[in-house]
Novice: 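This is the structure I have questions about; it appears just below.
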Amino acid sequence: MRYRIDFFGDQHKSIVLNSREELIGRLKSIRPNTIGDVRKIYSNGISDSVMDHDYVKRIMSRII
């Protein structure tokens with residue numbers, strides 16, 4: 001599964017990651033209050049926000 005982290009503020013960029021483990025590691029290293037959205041990218045190209053998923057909420061609560 002692929003994931004995309006969208007940033008806001010001065011950065012205005014996205015990072016695409018190839019696994020959930022890579023996503024979790026990257027979320028732990030990102031500065032607080034810079035993430036606009038985290039999206040799961042399906043093989044057909046459709047994406048879905050995962051900001052409301054438990055594992056993302058737990059990580060985000062630790063870094064904010």
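Atom set for the values below is all heavy atoms of this structure, side chains included, hydrogens, waters and symmetry mates excluded.
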Novice: Could you pull out all residues at least two apart from R20 that satisfy side chain to side chain donor-acceptor pair (under 3.5 Å)?
Specialist: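 Partners of R20 under the side chain to side chain donor-acceptor pair (under 3.5 Å) test: none.
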Novice: I'd like to check the salt bridge (charged side-chain N to carboxylate O under 4.0 Å, His left out) partners of R2; sequence neighbours left out, ordered by chain and number.
Specialist: none
Novice: Is there a chain of hydrophobic side chains (I, L, V, M, F, W, Y, each step under 4.5 Å between heavy atoms) that links I35 to V16?
Specialist: no
Novice: Find out if a path of hydrophobic residues (ILVMFWY) with successive side-chain heavy-atom gaps under 4.5 Å connects V50 to F7.
Specialist: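 Yes, because V50 and F7 connect within a single hydrophobic cluster, where side-chain heavy atoms sit under 4.5 Å apart.
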Novice: State, to 0.1 Å, how close T34 and R31 come at their nearest heavy-atom pair, and which atoms those are.
Specialist: OG1-O, 2.8 Å
Novice: What residues, two or more places apart in sequence or in another chain, satisfy side chain to side chain donor-acceptor pair (under 3.5 Å) together with S49?
Specialist: D37
Novice: Quick one: pull up CZ in R4 and NZ in K40 and give me the separation to the nearest 0.5 Å.
Specialist: 14.0 Å
Novice: Report the distance from atom CD of E22 to atom CG of L27, rounding to the nearest 0.5 Å.
Specialist: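 Going from CD on E22 over to CG on L27, the span is 11.0 Å.
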Novice: Are L17 and I41 connected, step by step, through hydrophobic side chains (Ile, Leu, Val, Met, Phe, Trp, Tyr) whose heavy atoms are closer than 4.5 Å?
Specialist: no
Novice: Please determine whether residues V38 and I30 belong to a single hydrophobic cluster, defined as Ile, Leu, Val, Met, Phe, Trp and Tyr linked transitively by side-chain heavy-atom distances below 4.5 Å.
Specialist: yes
Novice: Nearest 0.5 angstrom please: D6 CG to I15 CD1, how far?
Specialist: 10.0 Å
